[in-house]
Amino acid sequence: MSTLIKKYKWPALLAVALIVFSALIFFLIKSYTYDSSTYFESRDFIRQLKQSDANWSVKILRKKIGLNNNLSLAPPLEANSRWEQLERLNNAGPLAALWASRRQGYVDAVKNKTLLVEQFQQHNANLRTSLDALPLVEDQIQTLLKDMNIESPTQRLTAASNILELTLTTLEYTLYVTSSKAKEVQSQLDEFEQYIAQLPAAHQPPFIILTQHIKTIIQEQPIVNDLLDRISVIPVAQELDNITELLNETQRRTAATDRQYHIYLAVCASLMALFMIYLAVRLVRSYAVINQINHELQSSNERLEERVQERTRELMEAERELVEAARMAGMAEIATNVLHNVGNVLNSVNISADLVTRKLRSSKTQGLAKAVKMMNEHAEDLGQFITFDEKGKLLPRYFNELVDSIATEQAQLIEELAQLTKSIDHIKEIVTTQQSYAGAARLIETLNISDLFEDALRMNSGALSRHHVTVIKDYQDVPTIAGDKHRLLLILINLISNAKFAMSHVSDHPREMTLGIRILDQTTLCLSVKDRGEGIAPENLARIFNHGFTTRKDGHGFGLHSCALAAVEMHGRLHVHSDGPGQGALFTLEIPLELAHS
């Protein structure tokens with residue numbers, strides 16, 4: 001029996017502890033489900049609705065006297081979330097039916113009040129139009145009476161007085177709407193209409209307009225007053241008070257439930273405390289055993305440390321060998337990249353040197369020796385030779401043309417030599433850049449991106465001409481930036497060269513290359529090279545920038561790899577997109593946009 005107890009004692013204690021702990025967590029969560037701030041926020045929301053209803057009523061009264069043109073009742077900004085909060089508080093429990101009834105009562109009250117306000121707004125608009133127009137029409141009639149041909153001044157004064165009295169009686173009626181006052185206005189209106197009938201037809205329109213406005217006022221004023229009375233008795237505020245009372249009752253019930261959860265929580269906490277005390281006693285008893293085991297472990301660790309040190313020495317030796325092998329591989333990769341990139345630029349050097357050689361061979365200065373020889377042969381009679389001899393006469397014009405030709409050839413040679421110098425400088429920078437791949441700082445210069453593209457095109461101009469490639473430039477206006485000129489130039493030269501090679505076997509459509517410059521989100525400079533060449537297979541897209549990967553028979557797979565590394569060193573990235581074989585490819589370089597400081 002004792003063996004059975006020892007066997008199942010700890011599992012039983014663990015099960016009891018888990019049960020008590022789970023109950024503790026459950027009651028703790030249930031106790032935190034009650035949040036008094038939720039009820040305070042809900043009551044504040046109800047008060048906002050009451051204040052909004054009161055403001056609505058004030059707007060209606062102001063509208064009656066023409067001081068406000070907007071009677072729409074806009075709900076508070078957080079109305080939807082607050083109503084959802086009220087739904088969560090009241091949809092469950094014994095008060096759910098009462099909540100639904102009171103919520104519907106409030107909705108119906110607002111709906112009825114809205115309908116009455118719309119009717120009031122319509123009738124009040126007609127009333128205000130007539131009231132605003134009444135003094136103006138009355139002034140117009142008074143002016144007309146002065147201009148009318150009335151023989152007796154007494155008749156004119158009597159007519160003016162009657163019109164003024166009718167206007168004042170109508171305005172008084174708007175303030176005190178009674179049946180007697182309505183009869184009084186109607187009787188005066190009847191007499192006024194008889195007077196209008198005696199007037200000439202040309203003078204009647206203003207008088208008729210005045211009678212129409214008075215009739216509108218008599219008709220609309222009682223309706224407006226009745227609508228205001230009906231609006232005032234709609235119990236919107238009372239329905240909101242009912243909802244507030246329901247919230248108070250819900251809060252009282254929730255607080256009572258929360259107190260019960262706190263009692264349960266205290267009981268579970270007491271049980272957990274007893275269990276922790278028992279565990280503490282067991283821990284003290286186990287300390288001696290643990291201490292003994294620690295001594296044994298310490299002796300074992302000392303023996304283990306000796307074995308670890310020996311193994312560590314072996315690993316360090318292997319690591320040194322791996323580091324040396326990695327260093328040699330890195331040096332080989334850098335040398336390969338240098339040779340590949342220098343090879344790209346040497347194409348431009350060869351083109352420039354070839355152009356200089358051809359211009360020197362075809363120079364027009366070769367005829368200068370013949371002209372000098374001719375002048376030496378006629379040294380004694382040079383003046384007569386130039387003046388009278390047909391060949392002599394050609395010498396001055398020949399020398400003038402030779403001067404112009406020499407100037408043109410000199411400018412072209414200087415330009416080609418400058419391009420040749422640029423290419424040689426770029427070769428030196430390629431070597432320096434490759435040497436700095438281990439982490440040296442970048443050389444930042446002020447750059448014009450379009451000029452950088454033009455330099456890259458000139459370095460590939462011979463190959464582009466031979467392959468009949470048409471270059472399309474889609475340049476967005478980009479301000480001067482600060483960047484690493486030679487890394488950017490290295491990438492652009494490689495991308496243009498690859499695009500040219502991709503179109504070398506294209507014959508069914510024009511060989512077109514599109515160069516793009518644009519700014520993304522004002523933070524990123526995007527440079528793109530798009531070709532209509534052989535395209536890239538989907539399985540090769542993920543490997544296109546790997547070291548040594550290439551699809552060309554005579555390729556080495558170093559150019560795009562070095563370009564990707566250069567892009568990363570400039571805190572950017574180089575990526576490619578292709579719809580498949582035969583669909584061309586789009587290489588895009590994205591680097592942070594750093595504007596040059598003026």
Gap between atom OG1 of Thr114 and atom CD of Gln121 - 0.5 Å precision: 11.0 Å
Gln476 side chain to Ile519 backbone, donor-acceptor under 3.5 Å: yes
Asp531 to Ala502 - nearest heavy-atom pair and separation: OD1-CB, 4.1 Å
Pairwise side-chain contact, Tyr475 with Ile449, heavy-atom cut-off 4.5 Å (strictly under): no
Side chain to side chain, Leu210 and Ile196, heavy atoms closer than 4.5 Å: no
Polar side chain donor-acceptor pair, Asp190 to Gln186, under 3.5 angstrom: yes
Close side-chain approach of Val529 to Met513, heavy-atom, < 4.5 Å: yes
Side-chain donor-acceptor pair present, Gln122, Glu118, cut-off under 3.5 Å: no
From Thr178 atom OG1 to Glu172 atom CD, the distance as rounded to the nearest 0.5 Å: 8.5 Å
Min side-chain heavy-atom separation Leu144-Pro205 under 4.5 Å: no
Donor-acceptor contact below 3.5 Å, side chain Ser578 vs main chain Gly584: yes
Full working for side-chain contact (heavy atoms from CB on, under 4.5 Å) between Ile141 and Ile209: CA-CA 10 Å; Ile141 292 175; Ile209 292 173; over 6 Å; no
Minimum heavy-atom distance Ile218-Tyr173, with the two atoms named: O-OH, 3.6 Å
Pair Gln104-Asp108, side-chain donor/acceptor within less than 3.5 Å: yes
Exercise: do Thr167 and Glu138 side chains pair donor with acceptor under 3.5 Å: no
For Leu489 against Leu452, the heavy-atom pair lying closest together: CD1-O, 3.7 Å
Whether Gln142 side chain and Ala160 backbone form a donor-acceptor pair below 3.5 Å: yes
Residue pair Ile217 / Val185, side-chain heavy-atom distance below 4.5 Å: no
Student check: side-chain heavy atoms of Asn242 and Tyr106 closer than 4.5 Å: no
Leu227 backbone acceptor or donor facing His123 side chain under 3.5 Å: no
Residue pair Ala564 / Leu574: nearest heavy atoms and the distance that separates them: N-CD2, 4.0 Å
Steps toward side-chain contact (heavy atoms from CB on, under 4.5 Å) verdict (Ile223, Asn124): CA-CA 9 Å; Ile223 297 175; Asn124 189 66; over 6 Å; no
Full working for side-chain contact (heavy atoms from CB on, under 4.5 Å) between Ile231 and Lys113: CA-CA 6 Å; Ile231 290 171; Lys113 189 169 183 177; 3.7 Å; yes
Neighbour count above 12 (heavy atom, 6.0 Å) for Asp521 CG: no
From CZ (Phe587) to CG (Asn498), nearest 0.5 Å: 6.0 Å
Side-chain (Ser22) to main-chain (Leu18) donor-acceptor, under 3.5 angstrom: yes
Spatial distance of atom CG (Leu131) from atom CG (Asn126) [nearest 0.5 Å]: 11.0 Å
Under 3.5 Å donor-acceptor, Thr143 side chain and Asp139 backbone: yes
Point-to-point distance, once rounded to the nearest 0.5 Å, from CG of Leu168 to CG of Leu171: 6.5 Å
Heavy-atom closest contact (Glu239 atom, Ala109 atom, distance): CG-CB, 4.2 Å
From Ile517 atom CD1 to Asp477 atom CG, the distance as rounded to the nearest 0.5 Å: 10.0 Å
CA sep, side-chain torsions, deciding dist, call: Leu166, Asn162, side-chain contact (heavy atoms from CB on, under 4.5 Å): CA-CA 6 Å; Leu166 177 60; Asn162 290 338; over 6 Å; no
Residue pair Met570 / Glu594, side-chain heavy-atom distance below 4.5 Å: no
Phe192 side chain near Thr211 side chain, heavy-atom distance below 4.5 Å: yes
Minimum heavy-atom distance between Arg518 and Ser528, given as atom pair plus value: NH1-OG, 4.1 Å
